[in-house]
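Report on the structure given below.
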Amino acid sequence: MRSSRRLFLRCLRLGHLRRFRFATQLINYIRYARLCIVSLAYNSFTNSDVVIESLFEPVYWLVDHVTRWFGIVFVALVIVLTSSIVLIVYICVLPLIIQTYSTPWIYWHVIYGHWNLIMIVFHYYKAITTPPGYPSQMETDIPSVSICRKCIAHKPARTHHCSICSRCVLKMDHHCPWLNNCVGHYNHRYFFSFCLFMTMGCIYCSFSSRVMFREAYSAIEKMKLQEKERLQFAANETYNDTPPPTFTFRERMFHKCIIYLWVLCSSVALALGALTLWHAMLITRGETSIERHINKKERKRLESIGKVFYNPYSYGRRGNWKVFFGVERKLHWVTRVALPSSHLPFGNGLTWSAPSWLVNKQPSVLAI
């Protein structure tokens, strides 16, 4: 009896040992397979951001291709909407201004309106036709801080790869679908000036037509009421009564155009005004949209180790604006900012050093 018990216990122990060995071998095989996969795909720069970016790569591909093909549509939409507002101003608003305003105010509206329109058209045309600037892929002696992993070419400071254009762009800010072009070193000033003058033009049109908008809105409400009364009149079939007077087709179109002008200009002024303020803040800090995120991460990293971050491309608030607009003398605030100007920006977009005409200079620093 004892021998049978010992034999039974020994069998149980052997079974447990075999199960334990099988589980241990299975765990070892899983660890070995994981080690092989990790060793084949190992990258010391891999982190959670890289993994998330890789997972969203199909989404980025879809957005890039949609933006690339719809860029022409967006440009045509800007031209059509702007042209419609200009036509309404010339046909509806300007004649009323000439009839009701005094002579000095008429001169002011005519001069300011045409100046603002010229600035909008000039800067939009230059923004969509001027290349942002690209680093040469043939030359190997250009100053660079890294190698682009997509172009496999030298990447100068402040240069970033645009997945929509499939090229590296000098001092890239972003790819603008409304321009169907990248915003970079050579057309950044045109882009910001277009946003600024378009916002000013929308505010001007919205403010100038505010009284006409209120009158047009009241007229539209009156039209709806008269239409309701007309239907009731037709239903009663009282031919002895006189039907209520109706608005003419020209009056209807006039009031609808005024409402269209005011709503569109006010909406664009709010949206584009916020974008203009954002880029004005970036210019004041000497940053681009991409550098804003990079510098924010770098600032947090240095603060965690007790250091202070300094932007090597900032020349002070006033200095940043002067470099951005290319203002070397006081007269340039008029000839290069307030008037159409095709002058080139400071520098070649490859190296970044303080201009000789800038008073508050900072040492040249090479940074990514």
Do side-chain atoms of [X] reach the backbone of [Y] as a donor and acceptor pair under 3.5 angstrom?
| X | Y | result |
| --- | --- | --- |
| Asn187 | Cys182 | yes |
| Asn181 | Thr130 | yes |
| Thr288 | Glu291 | yes |
| His175 | Ser163 | no |
| Arg214 | Val211 | no |

Kindly give the heavy-atom pair with the smallest separation between [X] and [Y], and that separation in Å.
| X | Y | result |
| --- | --- | --- |
| Ser209 | Leu261 | OG-CD2, 3.2 Å |
| Pro135 | Cys168 | CD-O, 3.3 Å |
| Cys195 | Leu275 | SG-CD2, 4.4 Å |
| Glu328 | His332 | N-ND1, 3.1 Å |
| Pro355 | Val323 | CG-CG2, 3.9 Å |
| Ala354 | Phe346 | C-CZ, 4.2 Å |

As an exercise, state the distance from [atom1] of [X] to [atom2] of [Y], rounded to the nearest 0.5 Å.
| X | Y | atom1 | atom2 | result |
| --- | --- | --- | --- | --- |
| Asn116 | Ile111 | CG | CD1 | 13.5 Å |
| Lys150 | Cys162 | NZ | SG | 9.5 Å |
| Asn348 | Leu170 | CG | CG | 8.0 Å |
| Ile290 | His161 | CD1 | NE2 | 11.5 Å |
| Leu264 | Ser206 | CG | OG | 10.0 Å |
| Met200 | Ile203 | CE | CD1 | 8.0 Å |

Please check if any side-chain donor atom of [X] sits under 3.5 Å from a side-chain acceptor atom of [Y], or the reverse.
| X | Y | answer |
| --- | --- | --- |
| Glu287 | Asn311 | no |
| Ser84 | Tyr260 | yes |
| Thr284 | Asn320 | no |

Steps toward side chain to side chain contact (heavy atoms under 4.5 Å, CB included) verdict (Ile97, Trp105): CA-CA 8 Å; Ile97 291 177; Trp105 278 109; over 6 Å; no
Hydrophobic cluster membership, with links at side-chain heavy-atom distances under 4.5 Å among I/L/V/M/F/W/Y: are [X] and [Y] in one?
| X | Y | value |
| --- | --- | --- |
| Leu81 | Ile120 | yes |
| Val86 | Ile118 | no |
| Tyr125 | Ile72 | no |
| Met253 | Tyr217 | no |
| Leu87 | Ile85 | no |

Do [X] and [Y] have side chains that approach each other closer than 4.5 Å (heavy atoms only, starting at C-beta)?
| X | Y | value |
| --- | --- | --- |
| His154 | Ile147 | yes |
| Pro312 | Tyr310 | no |
| Val75 | Trp178 | no |
| Trp352 | Lys171 | yes |
| His185 | Pro345 | yes |
| Pro340 | Met119 | yes |
| Ser267 | Val263 | yes |
| Asn295 | Phe309 | yes |

Test side chain to side chain contact (heavy atoms under 4.5 Å, CB included) on Asn180 and Phe74 and set out the steps. CA-CA 8 Å; Asn180 194 28; Phe74 290 152; over 6 Å; no
Specify whether [X] and [Y] have parallel, tilted or perpendicular ring planes, treating 30° as the upper limit for parallel and 60° as the lower limit for perpendicular.
| X | Y | result |
| --- | --- | --- |
| Phe191 | His279 | perpendicular |
| Tyr190 | His123 | tilted |
| His109 | Tyr204 | tilted |
| Trp108 | Tyr112 | parallel |

Check step by step if side chain to side chain contact (heavy atoms under 4.5 Å, CB included) holds for Leu96 and Tyr101. CA-CA 8 Å; Leu96 285 178; Tyr101 282 40; over 6 Å; no
Ring-ring centroid check [X] [Y], cutoff 6.0 Å:
| X | Y | result |
| --- | --- | --- |
| Trp115 | Phe197 | yes |
| His188 | Phe324 | yes |
| Phe192 | His174 | no |

Run Met281 and Trp278 through side chain to side chain contact (heavy atoms under 4.5 Å, CB included) and show every step you take. CA-CA 5 Å; Met281 185 265 294; Trp278 164 255; 3.2 Å; yes
With sequence neighbours excluded, give me every side-chain hydrogen bond (donor to acceptor under 3.5 Å, both in side chains) pair touching residues 333-347.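 The answer is Ser341-His343.
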Please check if the number of heavy atoms outside Arg210 that lie under 6.0 Å from its CZ is greater than 12.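 Enclosed: over 12 neighbouring heavy atoms sit under 6.0 Å from CZ of Arg210.
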So with a 6.0 Å cut-off around CZ of Arg317, is the heavy-atom count from everything else above 12? no
Test salt bridge (charged side-chain N to carboxylate O under 4.0 Å, His left out) applied to Glu298 and Lys296, Arg301, Lys300, the passing residue: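 Answer to the salt bridge (charged side-chain N to carboxylate O under 4.0 Å, His left out) test with Glu298 among Lys296, Arg301, Lys300: Arg301.
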